[in-house]
Amino acid sequence: GQLDTTCHAFVGETVVLPCITTPLGEQTLSKSKIYWQIGTKVVHFFDNGQDSLEHQDEKFHGRTSLFLDKMKHGNFSLKISNVQLRDDAEYSCIYRQAADQQTKKSVIKLNVSALPRIEKPPSPSEQNQIPSGSPMDVPCLALLPLSFLLLVPLGLWHL
């Protein structure tokens, strides 16, 4: 299928994959099936008015949900919590209406990135090993006011 949209998330975040169609109403929703899939793997399945997760792929167990209060308005978006690198895939949102067997499908690509690593500050014992006079002795924030003071006169010079 054609790719409808692309979403981005970092590992550990919660992401919502959009899937919107025309408003349905309560009656139609109770006779509908909504599949979220990766290939043939079931990510989330909603059948006849309720979640039906017995065939859900185990790596998504307890991490997916639909917005039940918004579904009658045509919002079948899928929320995935605690996103993992292995969640990076093309997801299909398939809506099948029982009454007329009409099927609608959209494809959403999820790109998952690892969180940028934040270096932890060295412990006091590691700091003692840094030779005196090295750049590590000067905190980065101490350089900010100095550069600001240098830029102000330069800015006035051009006036």
### Within 6.0 Å of CD in Glu58, more than 12 heavy atoms from elsewhere
no
### Query
Does the side chain of Asn75 come within less than 4.5 Å of Ile20's, by heavy atoms?
yes
### Summary
Closest non-hydrogen contact found for Leu85 with Ala114 is CD2-N, 3.9 Å
#### Entry: Minimal non-hydrogen separation, Gly62 against Ser81, with atom names
O-OG, 4.4 Å
### Message
Does Asp57 form a side chain to side chain contact (heavy atoms under 4.5 Å, CB included) with Val43? I'd like the steps, not just the answer.
### Response
CA-CA 6 Å; Asp57 187 289; Val43 177; 5.9 Å; no
### Closest non-hydrogen atom pair between Leu110 and Asp87, with its separation
CD2-O, 3.7 Å
### Cluster check Ile38, Val15: I/L/V/M/F/W/Y, side chain < 4.5 angstrom
yes
### Task
Using a 4.5 Å cut-off on heavy atoms from C-beta on, say whether the side chain of Met71 contacts that of Phe46.
yes
### Query
Would a distance-only check, ignoring hydrogens and angles, find a side-chain to backbone donor-acceptor pair under 3.5 Å from Lys59 to Arg86?
yes
### Query
Got a salt bridge between Asp4 and Lys109, using NZ or NE/NH1/NH2 to carboxylate O under 4.0 Å?
no
#### Entry: Residues which pass ring-ring contact (aromatic ring centres under 6.0 Å, His included) with Tyr35, listed by chain and number, not counting sequence neighbours
Phe45
## Note on the structure
Heavy atoms of Thr14 and Lys79 approach each other most closely as CG2-CG, 3.5 Å
### Query
Closest approach of Pro18 and Ser77, non-hydrogen atoms and distance?
CA-OG, 3.4 Å
### Message
Would you say that Leu17 contacts Phe76 through its side chain, given a criterion of any heavy-atom pair below 4.5 Å between the two side chains?
### Response
no
### Message
Measuring only between side-chain heavy atoms, which start at C-beta, is Asp51 closer than 4.5 Å to Leu66?
### Response
yes
### Message
Once rounded to the nearest 0.5 Å, what's the spacing between atom CD1 of Ile108 and atom CG of Leu78?
### Response
9.0 Å
### Message
Taking the side chain as everything from C-beta on, heavy atoms only, tell me whether His44 gets closer than 4.5 Å to Leu53.
### Response
yes
### Query
Under a 4.5 Å cut-off applied to non-hydrogen side-chain atoms, are Ile94 and Trp36 in contact?
no
### Task
For residues Gln37 and Tyr91, determine if any side-chain heavy atom of one lies less than 4.5 Å from a side-chain heavy atom of the other.
no
### More than 12 heavy atoms from other groups under 6.0 Å of CZ on Arg63
yes
### Task
Please name the pair of heavy atoms, one in Arg96 and one in Thr103, separated by the smallest distance, quoted to 0.1 Å.
NE-OG1, 3.2 Å
### Message
I'd like to know if the side chain of Gln97 and the backbone of Ser32 have a donor-acceptor N/O pair within less than 3.5 Å.
### Response
no
### Message
So, taking the atom named OG1 in Thr21 and the one named NZ in Lys105, what distance separates them when rounded to the nearest 0.5 Å?
### Response
15.0 Å
### Task
Check for a donor-acceptor pair, side chain of Gln84 on one end and backbone N or O of Asn82 on the other, with a separation under 3.5 Å.
yes
### Task
Decide side chain to side chain donor-acceptor pair (under 3.5 Å) for Ser92 and Glu90; before the verdict, give the C-alpha distance in whole Å, the side-chain angles of both, and the deciding distance to 0.1 Å.
CA-CA 7 Å; Ser92 297; Glu90 278 189 11; over 6 Å; no
### Query
Any side-chain heavy atom of Phe10 sitting closer than 4.5 Å to one from Val83?
no
